[in-house]
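One structure below.
Order of listing sets the numbers, starting from 1, for every ligand and every atom in it.
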Amino acid sequence: MILGIETSCDETAAAVVRRGSQILSNTVASQIAVHLPYGGVVPELASREHLRNILPVVRESLKTAGVGYAEIDAIAVTEGPGLAGALLVGISFAKSLAMALGKPLVAVNHLEGHIHAVLLEVQRTATESEFGSQGQSLALVVSGGHTHLYLARFANGTWTYRNVGRTVDDAAGEAFDKVAKLLGLGYPGGPWIDALAPHGNPEAVPFTFSQIKAKVHRKGQPGALDPAEEIYFSFSGIKTAMLRYTKVHEMSASIEARRAALAGIENPKPADALALCDQPTLDLIASFQRSVVDDLRRKTFRAAERFGAERVIVSGGVAANRELRVRFAAEAAERHIPIAFPSMALSTDNAAMIAAAAWPKFAAGQFADEGLTAEPGLALGR
Ligand code: KG4
Ligand code: ZN
């Protein structure tokens, strides 16, 4: 039984997971309300909230799981990537706890955690041959901080990853958040755009994504991917295009009116915003979401084909998007390639995915030592 701890961004989370697949508890204290007035995560406030929440969250997760500290076999914690101060709260806590209890400590990459949010559920239902050591999966990790494609392979008890795609500027979730802010909607933006998009025409505004050529040469890294093979995302262009569109179509006054009206509502919801959006705004929102989802979909399946992946996994906060799930599932069905998403609760940041990713490392005796520290820029795989 592993106690997982996650504090890389704006959720303080703890979970107890048995054998990497059975979730006994999954506690998340969200800081959305704290960062809401700023329209984005404020790192100093995040660290302070983690400090305040970590002990109650860990206690709550043990209580829900019905286990005591003595029954835990190991403690797993996110070592990066993420906000340095935020990561440090979880790491310091996990290290102290492991030392005090005399239990092993396992360090987990947050991105690997997101992939295991899917694997832990798939492994519970699939047999080893369906989802075990055979073949490789193409994983799209798409969140507020990341848009990455990985080839994930399980062999000899260990997961290995190869990074085959990434964003050259903003992450997809960041684009959702910035565009929502630009349109006077709530924070974080993804769920707002998700809820409003079905009310608009997704073909009303044609956005185009430029093809990005490899500029960065990772020469000298053994086994590094040929840059021409790597797949690149870019989401800052569509953000600028959205801004330009609102200016050209003189939407500023209605955006500010919406922003002010929502600010006057206590705990505003997307349903409140719907009444404050005219049809051109809803069409713009729908077109934005369609463009981002289709760019992610095209490049993900192109990668799956190029690298001969046997299945596709989509994870991270943006994987909660309903249009994304529908359009990815449709393409997977057309191509006869299996696809898996995490349950909604495991799409966004949580600690169950950290405990799940730690399980094979625990089984292989891959433990962290007292030198473990925050790695804000930690990469996954080669
Ligand atoms: O994985 P996550 O909780 O944290 C990071 O590691 O970044 O992802 C948060 C991101 C935010 O950008 C949020 O707007 C986005 O996921 N998100 C969504 C949806 N729910 C959350 N984006 C699109 N549609 C959603 N339904
Ligand atoms: Zn995340």
Side-chain angles (χ1 to χ4, degrees), residues 4-13 15 26 28-32 35-36 39-41 43 46 78-83 86-87 90 108-118 139-148 150 167 170-183 185-198 202 233 235 238-239 269-270 273 285-286 288-297 313-328 341-354 356-357 376-378 380:
I5 294 174
E6 151 67 40
T7 64
S8 69
C9 190
D10 60 346
E11 330 270 4
T12 315
N26 187 21
V28 181
S30 168
Q31 303 179 3
I32 286 179
H35 303 289
L36 189 87
V41 179
T78 306
E79 69 169 327
L83 302 168
L87 287 163
V108 174
N109 183 310
H110 182 82
L111 297 163
E112 182 174 16
H114 273 302
I115 295 173
H116 279 264
V118 182
L140 168 67
V141 180
V142 62
S143 70
H146 308 279
T147 310
H148 280 120
Y150 296 101
T167 176
D170 291 355
E174 199 178 345
F176 271 92
D177 295 341
K178 287 179 177 169
V179 161
K181 192 172 178 178
L182 164 76
L183 295 175
L185 301 171
Y187 163 85
W192 290 73
I193 289 178
D194 189 343
L196 295 171
F233 295 99
F235 295 104
I238 191 165
K239 192 185 64 192
K269 297 266 176 314
I285 290 169
F288 164 78
Q289 177 169 288
R290 169 65 58 86
S291 303
V292 173
V293 164
D294 274 355
D295 183 65
L296 291 167
R297 177 180 58 79
I313 287 171
V314 190
S315 190
V318 182
N321 187 272
R322 290 171 300 166
E323 183 172 8
L324 181 146
R325 289 186 178 223
V326 169
R327 291 182 74 79
F328 269 67
F341 303 93
S343 63
M344 287 298 183
L346 294 183
S347 292
T348 49
D349 288 352
N350 65 87
M353 68 186 197
I354 303 302
L378 188 66
L380 176 63

What is the minimum heavy-atom distance between Ser143 and Ala171, and which atoms define it?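 Heavy-atom minimum between the residues: O-CB, 3.6 Å.
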Over all heavy atoms of both residues, which pair between Thr78 and Ser8 is shortest? Give the atoms and the distance, please.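 Shortest heavy-atom separation between Thr78 and Ser8 comes out as CG2-CB, 4.0 Å.
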Geometry only, no angles: is [X] polar-contacting ligand 1 at N/O separations under 3.5 Å?
{"X": "Pro188", "answer": "no"}
{"X": "Asp349", "answer": "yes"}
{"X": "Gly316", "answer": "no"}
{"X": "Asp194", "answer": "yes"}
{"X": "Gly145", "answer": "yes"}

Closest protein heavy atom (residue, atom, distance) for [atom]:
{"atom": "atom 22 (N) of ligand 1", "result": "Gly190 CA, 3.3 Å"}
{"atom": "atom 17 (N) of ligand 1", "result": "Gly317 O, 3.5 Å"}
{"atom": "atom 24 (N) of ligand 1", "result": "Asn321 ND2, 3.0 Å"}

I'd like to know if the Zn ion (ligand 2) has an N/O/S atom from His146 within less than 2.8 Å of it, counting both backbone and side-chain atoms.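 No, outside the cut-off.
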Is the Zn ion (ligand 2) less than 2.8 Å from an N/O/S atom of Cys9, whether that atom is in the backbone or a side chain?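 Not a single backbone or side-chain N, O or S atom of Cys9 is under 2.8 Å from the Zn ion (ligand 2).
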Just do the side chain to side chain contact (heavy atoms under 4.5 Å, CB included) check on Val141 and Ile115 with the steps written out, would you? CA-CA 7 Å; Val141 180; Ile115 295 173; 3.7 Å; yes
List ligand 1 atoms under 4.0 Å from Gly173, heavy atoms only on the residue side.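 By the 4.0 Å cutoff, the relevant atoms are 12 (O).
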Which of the numbered atoms in ligand 1 are under 4.0 angstrom from any heavy atom belonging to His110?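 So the atoms of ligand 1 that pass are 6 (O).
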Just how far is it from atom [atom1] of [X] to atom [atom2] of [Y], taken to the nearest 0.5 Å?
{"X": "Asp349", "Y": "Asp10", "atom1": "CG", "atom2": "CG", "answer": "7.0 Å"}
{"X": "Leu183", "Y": "Lys178", "atom1": "CG", "atom2": "NZ", "answer": "14.5 Å"}
{"X": "Asn350", "Y": "Glu6", "atom1": "CG", "atom2": "CD", "answer": "7.5 Å"}
{"X": "Arg327", "Y": "Leu296", "atom1": "CZ", "atom2": "CG", "answer": "12.0 Å"}
{"X": "Arg322", "Y": "Gln289", "atom1": "CZ", "atom2": "CD", "answer": "8.0 Å"}
{"X": "Gln31", "Y": "Thr7", "atom1": "CD", "atom2": "OG1", "answer": "9.5 Å"}

His114 contact mode with ligand 1 (heavy-atom cut-off under 4.0 Å):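 Only the side chain of His114 comes within reach of ligand 1.
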Is Asp177 touching ligand 1 with its side chain, its backbone, both, or neither, if touching means heavy atoms under 4.0 Å apart?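 Contact part for Asp177 vs ligand 1: side chain (C-beta onward).
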Check if Cys9 has a non-hydrogen atom at a distance under 4.0 Å from any atom of ligand 1.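 Cys9: no contact with ligand 1 (<4.0 Å).
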Before we go on, tell me: are the rings of Phe176 and Phe235 under 6.0 Å apart, centre to centre?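 Ring centroids of Phe176 and Phe235 are no less than 6.0 Å from each other.
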Nearest non-hydrogen contact with atom 7 (O) of ligand 1 belongs to which option: Gly144, Pro81, Ala171, Ala197?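 Going through Gly144, Pro81, Ala171, Ala197 one by one, Gly144 has the nearest heavy atom to atom 7 (O) of ligand 1.
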At the Zn ion (ligand 2): angle between His110 atom NE2 and Asp349 atom OD1, to 10 degrees: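 With the Zn ion (ligand 2) as the vertex, NE2 (His110) and OD1 (Asp349) sit 100° apart.
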Is His148 close to Leu380 at the side-chain level, that is, under 4.5 Å between some pair of heavy atoms?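 No, too far: nothing below the 4.5 Å cut-off.
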